[in-house]
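These notes concern the structure reproduced below.
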Amino acid sequence: GKRMKKALLAFGLSSALFGGSAAWAEQATAVDSPTSQVTLVTTQTSSQNVPAPIESVPLPASEATEPEAVLDTGDTAWILISTALVLLMTIPGLALFYAGMVRKKNVLSTMAHSFVAAAVVSITWILVGYSLAFGEGNAFIGNLDKVMLSGIGTDALTGSIPEILFVIFQMTFAIITVAIISGSIAERMKFGAFVAFIAIWSIVVYAPITHWVWGGGWLGNDGALDFAGGTVVHINSGVAGLIAAYMLGKRMGLGRESMAPHNLTLTVLGASLLWVGWFGFNGGSALGANGSAGYALVVTQVAAAAATLSWLVTEKMVRGKASVLGGASGAVAGLVVITPAAGFVTVGGALAMGLIGGVVCFWGITALKRMLKADDSLDAFGLHGVGGIVGAILTAFFASEFIMGDAVPSNLMHQLWVQVEGVLATVAYSAVLTFIILKVLDLTIGIRVASDDERMGLDLSQHGERVE
């Protein structure tokens, strides 16, 4: 009947995706053998005179040569949507999240950081960032073959989606990475210096690390597991933020006058948009509309929920009250922690990672922050740096054969070392390069506003505007 035909077609599609490996046999319960399935599919479709879609008639394993890349419209549609969702994470998500946490005199300045990150990084990415991240190149950096997206037409494919779509999907990751850093430097950095910094940083720091992990570089080849950007986005931005906070120095009056958030409703709105947008971030990183994307959404949701609760409980025990800012921070912490693992762990793994992430990131913005003595104003390091490190390391422990099949790490200690290696390399490279870029900028144009400008507020002093 019709249902049988649908099932067969679905089976044909899934086996085409698996490329005729052992996964076939697992899929084909209740049928004699994968090869008989194939003949069934072909005869059924031809007898009906329906033109069969290419990918629904997979070759038997013996004949399957290197499969030719074919555009999949379902995959393409989902990555189109995911791209919009990830851009939504920065504008307006992160812009609102950070804006609510600063004093009123700096709210526009803080939003401008995220907004301008979207503008600046979009340009640096198409000019040279994409080529350095995803061009052939060597183990450390891509080449310049794809400068200005040279040679990428509408027919070029990355996997089953157009390469030009992959370009802008990855662009939105570059944008949010840069925007996260702005939380560490809020309320005291010169606007021009910020723009110059992110233009250089997005090329010199973001692109190479992306190449290491996702662009065919050494970390990816070593087997580092980073599904959606634990190292590339979160550790990278968190560490850069911490270094920037040290180099700018503390805000005037820190510890003596109130630095209380001026409007936490904006922050809750922003955190909520981040949470929703993260479905595109982690789900889109499957690079397809498939079970892996669906599972990534579930583990993302579960980790965010678990960390929200574990943060609130921890805060209640430590401080006597569970704050709304704490709940929002916990959600973001859980989302950060699950990012590297979203395509590799079970729901149980996600639950554990979220619970751990909420507690450790609470420690990251309280005790650890006091020990580090940096004025990381909006806790980019405490949430993204710490959360990214925790997530990268826990990924080794929770990577599951149930999800990964044969691709699961065979040796836990080896995988743990590879994950730690990725963390250390990202921390070292990001810290050193961020320091150098800011040092050069400080010696040339200066990175911190004058004390009078800071007292007046950056909205007025940097932009000539104020929120009444």
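Just so we're clear, the structure is a prediction, and the values are computed from it rather than from any experiment.
Closest approach of Trp212 to Ala139, counting heavy atoms only: CD1-O, 3.9 Å. Heavy-atom minimum distance, Trp78 versus Gly288: CD1-O, 3.2 Å. Considering every non-hydrogen atom in both Val418 and Gly223, the closest pair reads CG1-C, 3.8 Å. Minimum interatomic distance between Gly283 and Ala296 (heavy atoms only, all atoms of both residues): CA-CB, 4.0 Å.
More than 12 heavy atoms of other shown residues, nucleotides or ligands fall within 6.0 angstrom of atom CE in Met371. The local environment of CG in Asn411 is crowded, with over 12 non-hydrogen atoms from other residues, nucleotides or ligands closer than 6.0 Å. Annotation: Leu269, atom CG; neighbour count of heavy atoms from other residues, nucleotides and ligands within 6.0 Å is above 12. Environment of CZ in Phe115: sparse, with no more than 12 heavy atoms of neighbouring residues, nucleotides or ligands closer than 6.0 Å.
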Discussion item. Pair Gln170, Trp214 - check side-chain hydrogen bond (donor to acceptor under 3.5 Å, both in side chains), show working.
Written reply: CA-CA 10 Å; Gln170 287 294 340; Trp214 294 333; over 6 Å; no

Item to complete: Test Asp376 against Lys369 for salt bridge (charged side-chain N to carboxylate O under 4.0 Å, His left out), laying out the working first.
Response: CA-CA 8 Å; Asp376 175 5; Lys369 186 173 182 173; over 6 Å; no

Discussion item. Set out, in order, the CA-CA distance, both residues' side-chain angles and the distance that settles side-chain hydrogen bond (donor to acceptor under 3.5 Å, both in side chains) for Ser329 and Trp311, then state yes or no.
Written reply: CA-CA 8 Å; Ser329 305; Trp311 184 301; 5.4 Å; no

Worksheet item: How far apart are the C-alpha atoms of Glu136 and Asn143, what are their side-chain angles, what is the distance that settles it, and do they pass the side-chain hydrogen bond (donor to acceptor under 3.5 Å, both in side chains) test?
Response: CA-CA 6 Å; Glu136 289 286 327; Asn143 57 20; over 6 Å; no

Practice prompt. Evaluate the criterion side-chain hydrogen bond (donor to acceptor under 3.5 Å, both in side chains) for residue pair Asn236 and Thr426; output intermediate values, then yes/no.
Written response: CA-CA 6 Å; Asn236 195 1; Thr426 305; over 6 Å; no

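Thr90 places no side-chain N or O within donor-acceptor distance of the main-chain N or O of Ser114, the cut-off being under 3.5 Å.
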Can you list, pair by pair, the side-chain donor-acceptor contacts under 3.5 Å of residues 333-362, counting residues two or more places apart and other chains?
unit_1 : atom_1 : unit_2 : atom_2 : d
Thr339 : OG1    : Trp278 : NE1    : 2.9
Thr339 : OG1    : Leu335 : O      : 2.7
Thr346 : OG1    : Gly348 : N      : 3.4
Thr346 : OG1    : Gly349 : N      : 3.1

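Between Glu454 and Arg448, some side-chain heavy-atom pair lies under the 4.5 Å cut-off. The closest side-chain heavy-atom distance from Leu96 to Thr267 is not below 4.5 Å. Between Phe169 and Leu80, the closest side-chain pair of non-hydrogen atoms is not below 4.5 Å.
Paired with Leu248 under the rule side chain to side chain contact (heavy atoms under 4.5 Å, CB included), one option of Ile447, Leu438, Asp375 passes, and it is Ile447. With Ser377 as reference, Arg188 is the one residue of Arg188, Lys250, Glu187 to meet the side-chain hydrogen bond (donor to acceptor under 3.5 Å, both in side chains) rule. For the side chain to side chain contact (heavy atoms under 4.5 Å, CB included) with Phe166, the qualifying choice from Ile79, Leu157, Ile152, Ile161 is Ile161, the only one to do so.
With values rounded to the nearest 0.5 angstrom, Ile198 atom CD1 is found 8.0 Å from Thr124 atom OG1.
Considering only residues two or more places apart in sequence or on other chains, Lys316 meets the side chain to side chain contact (heavy atoms under 4.5 Å, CB included) condition with Ala322.
Between Lys146 and Glu163 a salt bridge is recorded (basic side-chain N to carboxylate O distance below 4.0 Å). Look at Lys105 and Asp459 and you find no salt bridge, because none of the NZ, NE, NH1 or NH2 atoms lies under 4.0 Å from a carboxylate O.
Ring centers of Tyr246 and Phe435: at least 6.0 Å apart, outside the cut-off. For Phe134 and His211, the ring centers are positioned 6.0 Å apart or more.
Looking at Ser323 and Glu315, their side chains do bring a donor and an acceptor atom within 3.5 Å of each other. Neither side chain, Arg455 nor Ser461, offers a donor N or O lying under 3.5 Å from an acceptor on the other.
Using the six-membered ring where Trp is involved, Phe194 and Phe191 have ring planes that are parallel, under 30° apart on the 30 and 60° scheme.
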